[in-house]
Protein chains: 2
Amino acid sequence: MVALKQKLEERGLRKTAFRIELLTLFTQTKSSLSIEDIKSSVGKTSDKVTIYRALDAFEKSGLIHRVPDKANLARYALCHNECKPEAHSHNHAHFICTVCDETFCIENVEVPKIHLKQGYKINSSTLTLEGSCPSCQSA
Amino acid sequence: MVALKQKLEERGLRKTAFRIELLTLFTQTKSSLSIEDIKSSVGKTSDKVTIYRALDAFEKSGLIHRVPDKANLARYALCHNECKPEAHSHNHAHFICTVCDETFCIENVEVPKIHLKQGYKINSSTLTLEGSCPSCQSA
DNA sequence: AAATTTATCGCAACTTGGTTGCGTTAGTTT
DNA sequence: AAACTAACGCAACCAAGTTGCGATAAATTT
Ligand SMILES: [Mn+2]
Ligand SMILES: [Mn+2]
Ligand SMILES: [Zn+2]
Ligand SMILES: [Zn+2]
């Protein structure tokens, strides 16, 4: 709780009721959150513009990172490895479950370093896996 | 030309002027095509709905495959390894140039096979690299 | 504590990429 | 040539996300 508010303060973000609630929500989620997830969890109180802007601010300050989504919608997960606004380092794979539409950070699988032939300069890479997650296996 | 019409025929697609032109365009492109690319190349003649439906039909019948795009827009490239409607096999990496917004198929880089811990079942994987392409290096 | 400053919020209006419905056109088959 | 049906074109629609701007409320200064 208090540590949470500190994270906002450290990055020069204001500790508004909504942003505290949003950040709390992220810490409580093991996977990731879509706009819909947030809307339904926060209640209808907050406008979608507010949500988008908060997510944007959180991402820029290294609190969360965007993850791939089944339908390419906005979706975010907490940065576990204390990212800095300048350098987000989350070079892990992501898993999209096509059954429950959830996206999981696979922190223990690194994105492989690829070397391309002369001329290509790589700045970032992503490795995305698709299939069914443990909870959706029974079906 | 004639081989091209055959490909359409083989898959039960009609050889309309537009679809022949579109498929020709794909064979002439070394990288990939966005809707805008197609629009400007085909002239204003064809409706966007026609383009979307043709791309959809081509993809379903294994002529083209969707590639990632800088802004998540629709973008397609020719299938070089003769895909079947049932099984598209294009497990190669893709490179997005953030300068010219082009997407390249990196046919000689395979997407690595990943093994996850019990419970996750992987159906498909994608490896996407981002940076600047050879033509955009000088800048 | 009051005044000031400015990040954040909320509403409305807009943009964009893509989809759906449906009547028309034109390949393909008989 | 007649029949059948994939493909086309237009209009209307949809959903995710963005922009502008005035109102609210944290944070800072007096
Ligand atoms: Mn992640
Ligand atoms: Mn490809
Ligand atoms: Zn699942
Ligand atoms: Zn380029």
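Just so we're on the same page: letters track the sequence lines, and every chain starts at 1. These values consider heavy atoms only, across backbone and side chains, with no hydrogens, waters or symmetry-generated copies.
The shortest distance between the side-chain N/O atoms of A:Thr50 and the OP1/OP2 oxygens of C:dT8 is not below 4.0 Å.
What separates CD1 of A:Ile38 from P of D:dG17 is a distance of 11 Å, to the nearest Å. Protein atom CD1 of B:Ile20 is 18 Å distant from nucleotide atom P of D:dA6, rounded to whole Å. Rounded to a whole Å, the CG atom of B:Asp47 is 15 Å from the P atom of C:dA26. In this structure, A:Leu55 atom CG and C:dC9 atom P are separated by 11 Å, rounded to whole Å. In this structure, CG of A:Asp69 is placed 9 Å from P of D:dG17, rounded to the nearest angstrom. Atom P of nucleotide C:dT25 and atom CZ of B:Arg19 are separated by 18 Å, given to the nearest angstrom. Residue A:Phe18 contributes atom CZ, which lies 14 Å from atom C1' of C:dA7 at whole-angstrom precision. A straight line from CG of B:Asp56 to P of D:dC8 spans 12 Å, rounded to a whole angstrom.
To the nearest 0.5 Å, atoms CD1 (B:Ile122) and CG (B:Leu116) are separated by 4.0 Å. Note that CG of A:Asp37 is 8.0 Å distant from CG of A:Leu25, once rounded to the nearest 0.5 Å. Atom OG of A:Ser32 and atom OH of A:Tyr76 lie 12.0 Å apart (nearest 0.5 Å).
Summarising the geometry of A:Ala74 relative to A:Arg66, their closest heavy-atom pair is CA-NH2, 3.2 Å, with the distance given to 0.1 Å.
Sorted by residue number, the members of residues 70-77 of chain A with any non-hydrogen atom under 4.0 Å from DNA chain D read A:Leu73, A:Ala74.
No continuous path of ILVMFWY side-chain contacts below 4.5 Å connects B:Phe104 to B:Phe26, so the two sit in separate hydrophobic clusters. Linking Ile, Leu, Val, Met, Phe, Trp and Tyr whenever their side-chain heavy atoms come within less than 4.5 Å puts B:Leu4 and B:Ile51 in one cluster.
Rotation axes derived from the C1' atoms of the five outermost pairs at either end of the helix from C:dA1-D:dT30 to C:dT30-D:dA1 lie 30° apart, to the nearest 10°.
Nearest-nucleotide positions on DNA chain D place B:Ala54 closer to the 5' end than the other of B:Ala54 and A:Arg66.
Ion pair A:Glu9/A:Lys15 flagged as a salt bridge, since at least one NZ, NE, NH1 or NH2 atom sits closer than 4.0 Å to an Asp/Glu carboxylate oxygen.
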Exercise. In the 5'-to-3' direction, what one-character label does each nucleotide of nucleotides 18-28 of chain D receive under the scheme B = base within less than 4.0 Å of a protein heavy atom, S = sugar-phosphate only, - = no such atom?
Worked result: BBBB---BBS-

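Residues satisfying the side chain to side chain contact (heavy atoms under 4.5 Å, CB included) criterion with B:Lys70, sequence neighbours excluded, are B:Ile96, B:Thr98, B:Asp101. Here B:Phe95 pairs with A:Tyr120 under the ring-ring contact (aromatic ring centres under 6.0 Å, His included) rule; sequence neighbours left out.
Between the side chains of A:Glu107 and A:His80, at least one donor-acceptor pair of N or O atoms lies under 3.5 Å.
Residue pairs that meet the salt bridge (charged side-chain N to carboxylate O under 4.0 Å, His left out) test with at least one member in residues 113-134 of chain B, sequence neighbours left out, do not exist here.
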